[in-house]
Amino acid sequence: MSFSSEVKNEMAAHSPDKPCCRAAQLYGMLEMGHAFSLSSISLQTENPAVARVYASLLEEICGIPAPTEAAPVREGGFYTVTVERETERLRVLERFGHSPGELTLRLNRANLECEGCAAAYLRGAFLAGGAVTNPQTDYHLEFSVPHRPLSRDLSALLRELDFRAGLAERKGCPVVYLKESEQIEDCLTLMGASLASMELMNVKIVKNVRNLANRLTNCENANIDKTVAAAAVQTEAIRRLQKRGALDDLPQELRELAVLRLDNPELSLRELGELLDPPLTRSGVNHRLCRLMELAEENGR
């Protein structure tokens with residue numbers, strides 16, 4: 001089962017307490033469904049739970065018996081729920097303040113009666129025409145909208161709820177979308193999919209930890225590479241002094257560090273300093289090694 005299907009199953013199990021909110025949810029499903037006009041009112045969905053909610057709300061809100069008994073009949077890979085009689089379709093349109101002769105569909109704000117109705121409408125809109133990408137791969141939530149003016153109304157409603165919605169077009173169909181992970185989390189929670197929102201948060205936390213671990217590993221590898229490269233240069237300088245017999249003439253602290261570096265080419269400056277007696281700081285070790293390399297250059301002239 002896809003992540004989007006799981007989200008819709010969670011939303012479908014969420015039933016608003018207030019009648020006005022249940023009506024707003026049905027309104028969202030009607031407007032984003034397959035058809036919503038006097039000639040046709042129907043919903044096509046791959047999700048049987050969505051089809052059952054649609055049929056149940058039609059019966060409760062509009063007094064129209066559910067088009068099927070237990071579960072909608074599957075046809076061509078979709079569950080289809082249809083309001084078959086024209087008189088019933090007219091009743092549905094009038095219930096939500098739409099006239100039979102409307103040329104294009106808009107959002108009738110009169111159907112959002114209380115503060116919870118906007119969230120219920122969005123839930124219905126998502127159930128009928130929404131999708132969300134698995135957060136393991138990307139962060140993307142969208143509503144596929146059947147009419148361009150309705151897509152602008154939906155965008156405006158989302159903005160009023162503090163969501164930064166984008167508007168695009170795919171194969172001639174308007175799409176309202178969210179791309180920011182925090183925005184998607186908040187929208188899922190608002191629409192009643194809090195478990196999906198938490199899953200998205202958990203995935204994001206794991207991704208952030210992995211990214212941090214990768215950055216630390218890369219940083220550590222880079223530091224190791226720098227240490228190895230610097231040690232190679234230092235070792236080469238000390239070997240030049242050794243070949244010329246100049247090591248025995250060095251001050252004791254330089255001679256001691258030179259031998260220590262030759263024996264431990266993989267150690268960092270801090271680790272070399274800890275082996276000295278008395279121990280020496282990293283900067284102190286670096287200063288002495290620089291002096292050794294200067295002497296190697298002077299002896300090479």
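Residue numbers run from 1 in the order of the sequence given.
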Flag the pair [X] and [Y] as a salt bridge only when some basic side-chain nitrogen lies within less than 4.0 angstrom of an acidic carboxylate oxygen.
X      : Y      : answer
Arg109 : Glu160 : yes
Lys18  : Glu113 : no
Arg148 : Glu169 : yes
Asp17  : Arg22  : no

Report the distance from atom [atom1] of [X] to atom [atom2] of [Y], rounding to the nearest 0.5 Å.
X      : Y      : atom1 : atom2 : result
Arg261 : Arg239 : CZ    : CZ    : 11.5 Å
Leu280 : Glu253 : CG    : CD    : 9.5 Å
Cys62  : Ile41  : SG    : CD1   : 8.0 Å
Tyr177 : Arg170 : OH    : CZ    : 10.5 Å
Met201 : Glu185 : CE    : CD    : 4.5 Å
Thr45  : Leu127 : OG1   : CG    : 8.5 Å

Is there a side-chain contact between [X] and [Y], using heavy atoms and a 4.5 Å cut-off?
X      : Y      : value
Leu200 : Val203 : no
Gln234 : Leu292 : no
Glu297 : Arg240 : yes

Path from [X] to [Y] over hydrophobic side-chain contacts below 4.5 Å:
X      : Y      : value
Ile238 : Met293 : no
Leu241 : Leu262 : yes
Leu161 : Phe143 : yes
Leu157 : Leu178 : yes
Tyr139 : Val175 : no

Are any side-chain N or O atoms of [X] and backbone N or O atoms of [Y], one a donor and one an acceptor, separated by less than 3.5 Å?
X      : Y      : result
Thr137 : Asn134 : yes
Asp153 : Leu107 : yes
Asn47  : Ala49  : yes
Glu10  : Ser194 : yes
Arg89  : Val83  : yes
Asn264 : Leu260 : yes
Glu88  : Ile64  : no

Give a yes or no on whether [X] atom [atom1] has more than 12 heavy-atom contacts from other residues, nucleotides or ligands under 6.0 Å away.
X      : atom1 : answer
His34  : NE2   : no
Arg91  : CZ    : yes
His287 : NE2   : no

Pair [X], [Y]: side-chain N/O donor-acceptor within cut-off below 3.5 Å:
X      : Y      : answer
Ser197 : Thr189 : yes
Ser4   : Ser2   : no
Glu31  : Tyr121 : yes
Ser56  : Glu59  : no

Discussion item. One pair to check against side-chain contact (heavy atoms from CB on, under 4.5 Å): Met29 and Leu43. What are the steps and the verdict?
Written reply: CA-CA 8 Å; Met29 298 185 79; Leu43 175 76; 4.2 Å; yes

Worksheet entry | side-chain contact (heavy atoms from CB on, under 4.5 Å) assessment of Leu295 paired with Leu250 | CA-CA 9 Å; Leu295 290 170; Leu250 294 176; 3.4 Å; yes

Discussion item. Apply side-chain contact (heavy atoms from CB on, under 4.5 Å) to residues Arg270 and Glu274 and explain how you reach the verdict.
Written reply: CA-CA 6 Å; Arg270 179 184 58 78; Glu274 291 174 351; 3.0 Å; yes

Fill in: Geometric cation-pi criterion, Lys8 with Phe126: 6.0 Å, 45°
yes

Worksheet item: Hey, mind stepping through Tyr79 and Val50 against side-chain contact (heavy atoms from CB on, under 4.5 Å) and telling me if it holds?
Response: CA-CA 9 Å; Tyr79 292 88; Val50 173; over 6 Å; no

Worksheet item: What class does the angle between the rings of Phe96 and Tyr27 fall in, given that below 30° is parallel, 30 to 60° is tilted and above 60° is perpendicular?
Response: parallel

